[in-house]
Amino acid sequence: MAIRKNQAHLTADEKRRFVNALLALKRDGRYDSFVSTHNDFIMSDRDDSDRVGHRSPSFLPWHRRFLIQFEQALQSVDPSVTLPYWDWTTDRSPAASLWAPDFLGGTGRPRDGQVTDGPFAASGNGWRINVRVDGRDFLRRSLGAGGRSLPTRAEVDSVLALPVYDAPPWNSASDGFRNHLEGWRGVNLHNRVHVWVGGHMATGASPTTPSSGSTTPTSTSSGPPGSPATPAPPTCPPPARRTSSTSTRRCAPGAM
């Protein structure tokens, strides 16, 4: 059984191994395939169409499988690597260890959001953005600039207390646990974290930034780091990839 640790408790060696595995997947093209898969689904996951990864009861299981398969890809590079998780109810500022230069790097520069420190900076290890929202090929973030703070522990608890998982019409207008967690109603958990990170995280290509599994131990999102779980056997194929669109959605606030 693999153990997924709070990112704040990773050793220097665990951080290094995790980052090196990410860079290896980027070099061989597998990382971008995860970005494309997420973007293809979010482009077509609309309230008035077939919905699988978002705006539907399958939001959580779809992302859980996505994260398991991403973790398996990392482990094909380094079997010791597991997905860490970010508890944003505790590590709530751009000064958190998650954003340090020895791990994921920090916020972007004011004029264009470009991340300039850490292993995923444009001047660093070749983290070139290939699944793009515009012509820029560098990683962008704007930590905390979206106007809302990260969710609190009390807000997470209020969503966990909801007694109904989901309800008609089974989309972004639904009441219940899934939609309050996804962020279309109520206190807005998952979507709100996307907006807080900003940059690429506020688009359908959110997994392109190593932070988009922004999770507490109670929820899952779209990429690394992930949430605590035991990986499934490495035999299941990736989620079926939709290829009906070649563009990338610029999401409205919270639309991940």
Side-chain angles (χ1 to χ4, degrees), residues 25 30-74 83 85-86 129-133 159 165-186 188-197 199-216 218-229 231-232 236-256:
L25 292 186
R30 284 185 288 170
Y31 192 100
D32 286 341
S33 72
F34 283 94
V35 180
S36 294
T37 294
H38 185 271
N39 185 63
D40 290 341
F41 272 85
I42 204 170
M43 285 294 295
S44 55
D45 285 338
R46 300 179 182 273
D47 283 348
D48 59 354
S49 68
D50 180 35
R51 301 175 302 283
V52 180
H54 308 82
R55 304 172 183 241
S56 73
S58 55
F59 168 76
L60 283 170
W62 189 92
H63 282 83
R64 175 56 58 87
R65 182 178 178 184
F66 187 87
L67 287 173
I68 288 172
Q69 292 169 344
F70 183 76
E71 184 173 56
Q72 291 167 351
L74 292 171
L83 285 174
Y85 66 89
W86 169 29
I129 304 303
N130 297 314
V131 183
R132 302 180 190 173
V133 299
V159 174
Y165 177 78
D166 213 338
W170 319 111
N171 59 23
S172 68
S174 299
D175 203 0
F177 169 78
R178 184 273 308 168
N179 204 25
H180 284 252
L181 185 150
E182 187 174 355
W184 299 107
R185 294 192 65 159
N188 184 344
L189 298 184
H190 158 269
N191 290 347
R192 186 164 148 196
V193 179
H194 276 266
V195 174
W196 188 90
V197 175
H200 284 98
M201 271 285 280
T203 75
S206 56
T208 205
T209 176
S211 64
S212 61
S214 36
T215 71
T216 67
T218 62
S219 63
T220 60
S221 185
S222 54
S227 59
C236 51
R241 180 175 168 186
R242 292 176 174 169
T243 57
S244 57
S245 173
T246 58
S247 61
T248 301
R249 179 183 299 176
R250 291 175 179 271
C251 297
M256 304 307 134

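Keep in mind that what you see is a predicted model, and the values were worked out from it rather than measured. Computation of the quantities below employed the complete heavy-atom set of this structure, encompassing side-chain atoms and omitting hydrogens, waters and symmetry-equivalent molecules. Sequence positions, counted from 1, serve as the residue numbers for this chain.
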Close side-chain approach of Ser58 and Trp170, heavy atoms under 4.5 Å: no
Would you say the ring centers of Phe34 and His38 fall short of 6.0 Å from each other? no
Atom pair OH/CG of Tyr31 and Asn130 - distance to nearest 0.5 Å: 11.5 Å
Just so I know, are the side chains of Phe177 and Asp166 near enough to count as touching, which here means a heavy-atom distance under 4.5 Å? no
Quick one: does Ser206's side chain get under 4.5 Å of His194's, heavy atoms only? yes
Are the aromatic ring centres of His190 and His54 under 6.0 angstrom apart? no
Minimum heavy-atom separation for Met201 to Val197, with atom names? CG-CG1, 3.4 Å
Ignoring hydrogens and geometry, is there a side-chain-to-backbone donor-acceptor pair from Thr37 to Ser33 under 3.5 Å? yes
Taking the side chain as every heavy atom from C-beta outward, state whether Leu189 and His180 have any atom pair closer than 4.5 Å. no
Does the side chain of Phe59 come within less than 4.5 Å of Asn179's, by heavy atoms? no
Using modelled atom types and a 3.5 Å cut-off, is there a donor and acceptor pairing between side-chain atoms of Ser172 and backbone atoms of Trp184? no
Would you say that Arg51 contacts Arg46 through its side chain, given a criterion of any heavy-atom pair below 4.5 Å between the two side chains? no
Smallest separation among heavy atoms of Leu83 and Leu67, with atom names: CD1-O, 3.5 Å
Is the backbone of Arg55 close enough, under 3.5 Å, to the side chain of Asn171 for a donor and an acceptor to pair up by distance? no
Can you check whether Ser174 reaches Pro168 side chain to side chain, under 4.5 Å on heavy atoms? no
Can you tell me how far CG of Leu60 sits from CZ of Arg178, rounded to the nearest 0.5 angstrom? 8.5 Å
Do Val52 and Asp50 have side chains that approach each other closer than 4.5 Å (heavy atoms only, starting at C-beta)? yes
Side-chain donor or acceptor of Arg185 paired with backbone N/O of Ala173 under 3.5 Å: yes
